[in-house]
Colleague: 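Have a look at this one before I ask anything.
For clarity, every value in this text was computed on a predicted model and none was experimentally measured. One-based numbering along the sequence shown.
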Amino acid sequence: MRYKANQAVHAGLLLVLAVCMVSAIGCGGGAQSAGNPSPSPSPTPTPAPSSATLSATPSSLGFGSQVLNTPVTQTTKITNTGSVAVAITQDTIAGAGFSAGITTPINLNPAQSVNVPVVFNPAAAGTVNGSLVFMSNGSTVLSVPLVGTGLTPVAHSVDIAWDASSSAALQGYNVYRSTVSGGPYTRISPVLASSILLFTDTTPVSGKQYFYVVTAVDTSGTESAASTQATATIPVP
């Protein structure tokens with residue numbers, strides 16, 4: 001497959017894709033003695049245990065720009081870097097569109113880790129700043145900053161064109177699309193395209209990548225193998 005300027009792609013049945021944007025959018029000191037009593041020995045203090053410590057890798061999550069109502073997931077690894085066990089008794093998440101996939105309470109022994117998936121699914125346009133906070137018995141032990149931007153979808157169209165089949169028994173063509181390279185594909189042409197070797201896909205959305213193939217169908221209903229795949233990447237505003 002060859003990729004040319006202006007989103008032109010020739011493959012298999014010679015697909016040509018043209019992407020068009022339609023609209024934009026401690027302790028205190030010792031006490032003094034009274035009088036002259038016999039001094040008593042000072043007690044030896046008991047060392048306090050090391051503080052409970054959690055760390056996050058990465059320490060913050062940035063989701064970039066995402067089309068509205070299109071969820072995207074990132075994962076942060078929470079590790080107990082201290083020398084005592086930590087009981088995470090509660091987690092809270094702030095920021096519209098953010099959610100976390102963790103169930104508390106959870107105990108982490110020293111050097112133990114847990115992966116926490118965080119989802120950003122914006123419902124409104126604009127930048128959202130949030131945080132994922134972990135608490136232990138009412139005290140905050142870790143806060144992970146979150147940020148993401150919601151984008152209003154922009155309407156686009158993709159023109160798929162191909163060379164005519166040489167079959168004498170040709171009935172027409174089917175156009176297929178997938179969001180995964182190599183398929184599976186879904187037919188997007190409602191009827192066989194025959195008189196015009198062009199089909200316009202009017203449903204792509206900003207920030208997505210689409211993969212197209214075309215097949216030929218003869219008068220007996222037999223469908224050919226798919227053409228070489230052609231790719232169209234839809235820009236974001």
Colleague: So does A169 get a backbone contact from the side chain of S167, meaning a donor-acceptor N/O pair under 3.5 Å?
Modeller: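 Answer holds: yes.
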Colleague: Between Q229 (side chain) and G182 (backbone), is there a donor-acceptor pair under 3.5 Å?
Modeller: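 Indeed, once roles are kept as given, a pair shorter than 3.5 Å links the two residues.
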Colleague: Could you list all the salt bridge (Lys or Arg N to Asp or Glu O under 4.0 Å) pairs where at least one residue sits in residues 87-105, not counting sequence neighbours?
Modeller: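 Those involving residues 87-105 do not exist here.
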Colleague: Does L108 share a hydrophobic cluster with V141, counting links as ILVMFWY side-chain heavy atoms below 4.5 Å and allowing steps through other members?
Modeller: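 Linked within one cluster.
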Colleague: Does M135 share a hydrophobic cluster with L142, counting links as ILVMFWY side-chain heavy atoms below 4.5 Å and allowing steps through other members?
Modeller: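 No; L142 is not reachable from M135 via cluster members.
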Colleague: Taking atom OG1 of T92 and atom CZ of F134, what is their separation to the nearest 0.5 Å?
Modeller: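 Going from OG1 on T92 over to CZ on F134, the span is 9.0 Å.
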Colleague: For residues L170 and G172, report the shortest heavy-atom separation together with the two atoms involved.
Modeller: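 Nearest heavy atoms, L170 then G172: CD1-O, 3.5 Å.
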Colleague: In Å, rounded to the nearest 0.5 Å, how long is the span from CG of L192 to CG of N174?
Modeller: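 Spacing of CG (L192) from CG (N174) equals 5.0 Å.
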Colleague: Judged by atom type as modelled, is there a donor-acceptor pair below 3.5 Å linking the side chain of S178 to the main-chain atoms of P184?
Modeller: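 Checked: pair present.
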Colleague: What is the distance from atom OH of Y210 to atom CD1 of I160, rounded to the nearest 0.5 Å?
Modeller: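 If I round to the nearest 0.5 Å, the distance is 11.5 Å.
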Colleague: Using the rule that Ile, Leu, Val, Met, Phe, Trp and Tyr join whenever any side-chain heavy atoms are under 4.5 Å apart, tell me whether V118 and V114 fall into a single cluster.
Modeller: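 As far as the 4.5 Å side-chain criterion goes, V114 and V118 are connected within one cluster.
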Colleague: Nearest heavy-atom pair of S60 and V144: which atoms, and what distance?
Modeller: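 Scanning both residues, the minimum pair turns out to be CA-CG1, 4.0 Å.
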Colleague: Just checking, is any N or O donor in the side chain of T203 or D201 under 3.5 Å from an acceptor N or O on the other one?
Modeller: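 Yes, because at least one side-chain N or O of T203 sits under 3.5 Å from a partner of the opposite role on D201.
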Colleague: Quick check: closest heavy atoms across V180 and F211, and the distance to 0.1 Å?
Modeller: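 Nearest pair, atom of V180 first, then F211: C-CD1, 3.5 Å.
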Colleague: Would T222 and S220 count as a side-chain hydrogen bond (donor to acceptor under 3.5 Å, both in side chains) here? Give the steps.
Modeller: CA-CA 6 Å; T222 302; S220 67; 3.2 Å; yes
Colleague: Does either side chain, that of Q209 or that of T233, offer a donor lying less than 3.5 Å from an acceptor on the other one?
Modeller: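 There is such a pair (donor and acceptor under 3.5 Å, judged by atom type) between the side chains of Q209 and T233.
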Colleague: Are V205 and I234 close enough, and set up right, to give a side-chain contact (heavy atoms from CB on, under 4.5 Å), and what steps lead you there?
Modeller: CA-CA 7 Å; V205 297; I234 311 303; over 6 Å; no
Colleague: Side chains of T202 and T200: any donor to acceptor distance under 3.5 Å?
Modeller: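 No pair is found: no donor N or O on one side chain lies under 3.5 Å from an acceptor on the other.
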Colleague: With the side chain counted from C-beta on, respond yes when P190 and F199 share a heavy-atom pair under 4.5 Å apart, and no when they do not.
Modeller: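 Yes, side chains in contact.
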Colleague: For Y212 and A232, which heavy atoms make the closest approach, and how far apart are they?
Modeller: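 Scanning both residues completely, I find the closest heavy atoms to be CE1-CB, 4.1 Å.
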Colleague: Centres of the Y185 and Y176 rings: under 6.0 Å?
Modeller: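 Ring centroids of Y185 and Y176 are no less than 6.0 Å from each other.
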Colleague: Under the side-chain hydrogen bond (donor to acceptor under 3.5 Å, both in side chains) definition, can you give me all pairs with a residue in residues 117-145, not counting sequence neighbours?
Modeller: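 For residues 117-145: T127-T149.
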Colleague: Please report the closest heavy-atom contact between T76 and A56, naming both atoms and the distance.
Modeller: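 Closest heavy-atom pair between T76 and A56: OG1-CB, 3.5 Å.
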Colleague: Of all heavy-atom pairs between T70 and K208, which one has the smallest distance, and what is that distance?
Modeller: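 Between these two residues, the closest heavy atoms are CG2-NZ, 3.5 Å.
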Colleague: Tell me whether I93 shares a hydrophobic cluster with F120, the cluster being built from Ile, Leu, Val, Met, Phe, Trp, Tyr side chains joined at under 4.5 Å.
Modeller: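 Yes.
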Colleague: Same cluster or not: L68 versus F98, using hydrophobic residues (I, L, V, M, F, W, Y) connected whenever any side-chain heavy atoms lie under 4.5 Å apart?
Modeller: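 No, because L68 and F98 fall into different hydrophobic clusters, even though each may have its own neighbours under 4.5 Å.
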Colleague: Any salt bridge (Lys or Arg N to Asp or Glu O under 4.0 Å) involving residues 101-124? Give me the pairs, sequence neighbours left out, ordered by first then second residue.
Modeller: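 Every candidate salt bridge (Lys or Arg N to Asp or Glu O under 4.0 Å) pair involving residues 101-124 fails, so no pair, neighbours aside, qualifies.
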Colleague: To the nearest 0.5 angstrom, please state how far the CD1 atom of I88 sits from the OG1 atom of T103.
Modeller: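 The distance works out to 12.0 Å.
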Colleague: Could you go through the side-chain contact (heavy atoms from CB on, under 4.5 Å) check for D218 and Q171 one step at a time?
Modeller: CA-CA 5 Å; D218 64 19; Q171 182 181 7; 5.7 Å; no
Colleague: Do D163 and L197 have side-chain heavy atoms sitting under 4.5 Å apart?
Modeller: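 Not in contact.
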Colleague: Checking side-chain contact (heavy atoms from CB on, under 4.5 Å) between L132 and each of V116, L61, I78, which is the one that passes?
Modeller: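 Of the listed residues V116, L61, I78, the side-chain contact (heavy atoms from CB on, under 4.5 Å) partner of L132 is V116.
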